[in-house]
Amino acid sequence: QVQLVESGGGLVQAGGSLSLSCAASGLTFGAYNMGWFRQAPGKEREFLAAISRRDDNTYYADSVKGRFTISRDNAKKEVYLQMNTLKPEDTAVYYCAADLNYADFVKGGPMDYWGKGTLITVSS
């Protein structure tokens, strides 16, 4: 059974930083491209960042480029999202996702697996 479990969410003040982790189990982690998405109240789920299976390619949404950094540790089967200069509009539930096809992250295709999400609240 595949599980993606996010952690690291919480409350942070605007301008602050937060780091999310996503631990994967039940899949061959090194075979999967990984990514982060978020969904704010009343809004559709939004792509944030993706990293290729061999950690040699990353892709970011314009809304977070320069503020968020995605990374992975294939030995630990984890993917991370470092978030800096957080804004109140970054408040959302953050999800990690896994997909065999990197293009799905870029083109908005369906993900193979999703985590259940972790809530981040940025106060002004």
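For the numbers below, each heavy atom of this structure counts, side chains included, while hydrogens, waters and symmetry mates do not.
The CG atom of Leu86 sits 11.5 Å away from atom CD of Gln13, with the distance rounded to the nearest 0.5 Å. The CD atom of Gln82 sits 8.0 Å away from the CG atom of Leu18 when rounded to the nearest 0.5 Å. In this structure, the separation between SG on Cys22 and CD on Glu78 is 8.5 Å, given to the nearest 0.5 Å. Taking CG from Asn74 and OG1 from Thr28, the interatomic distance works out to 11.0 Å, rounded to the nearest 0.5 Å.
Ile51 and Val2 fall within the same hydrophobic cluster, defined by Ile, Leu, Val, Met, Phe, Trp and Tyr side-chain heavy atoms under 4.5 Å apart, directly or through other members. Transitive grouping of hydrophobic side chains (ILVMFWY, heavy atoms separated by less than 4.5 Å) brings Val106 and Trp114 into a common cluster. Taking hydrophobic clusters as Ile, Leu, Val, Met, Phe, Trp and Tyr residues chained together by side-chain heavy-atom distances below 4.5 Å, Leu119 shares a cluster with Tyr95.
The two atoms that bring Ala14 and Ser124 nearest to each other are CB-CA, 4.3 Å, heavy atoms only. Closest non-hydrogen pair, Leu48 versus Phe68, comes out as CD1-CE2, 4.4 Å. In this structure, Ala98 and Leu27 approach most closely via the heavy-atom pair CB-CD1, 4.1 Å. Smallest separation of non-hydrogen atoms from Ala24 and Leu4: CB-CD2, 3.6 Å. The minimum heavy-atom distance linking Val79 with Cys96 is given by the pair CG1-CB, 4.5 Å. The two residues Leu81 and Ala49 come nearest to each other via the heavy atoms CD1-CB, 4.3 Å.
Aromatic ring centroids of Phe47 and Tyr59 lie under 6.0 Å apart.
The main-chain N or O of Thr91 is never found under 3.5 Å from a side-chain atom of Thr121 such that the two would form a donor-acceptor pair.
Inter-residue side-chain proximity for Leu20 and Glu6 is flagged as unmet; no heavy-atom pair is nearer than 4.5 Å. Lys77 places none of its side-chain heavy atoms less than 4.5 Å from the side chain of Ser25. Contact annotation: the side chain of Phe105 approaches that of Met111 to within less than 4.5 Å [non-hydrogen atoms, C-beta and beyond].
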Contacts table for residues 29-38: side-chain donor-acceptor under 3.5 angstrom, sequence neighbours left out:
from  : atom 1 : to     : atom 2 : distance (Å)
Asn33 : OD1    : Arg53  : N      : 3.0
Asn33 : ND2    : Asp99  : O      : 3.2
Asn33 : ND2    : Leu100 : O      : 3.0
Trp36 : NE1    : Tyr80  : O      : 3.3
Arg38 : NE     : Glu46  : OE1    : 2.8
Arg38 : NH1    : Asp90  : OD1    : 2.8
Arg38 : NH1    : Tyr94  : OH     : 3.0
Arg38 : NH2    : Glu46  : OE1    : 3.4

Practice task
Starting from the C-alpha separation in whole Å, work towards a yes-or-no answer on side chain to side chain contact (heavy atoms under 4.5 Å, CB included) for Met83 and Ile120.
Solution key: CA-CA 11 Å; Met83 303 178 291; Ile120 292 176; 3.0 Å; yes

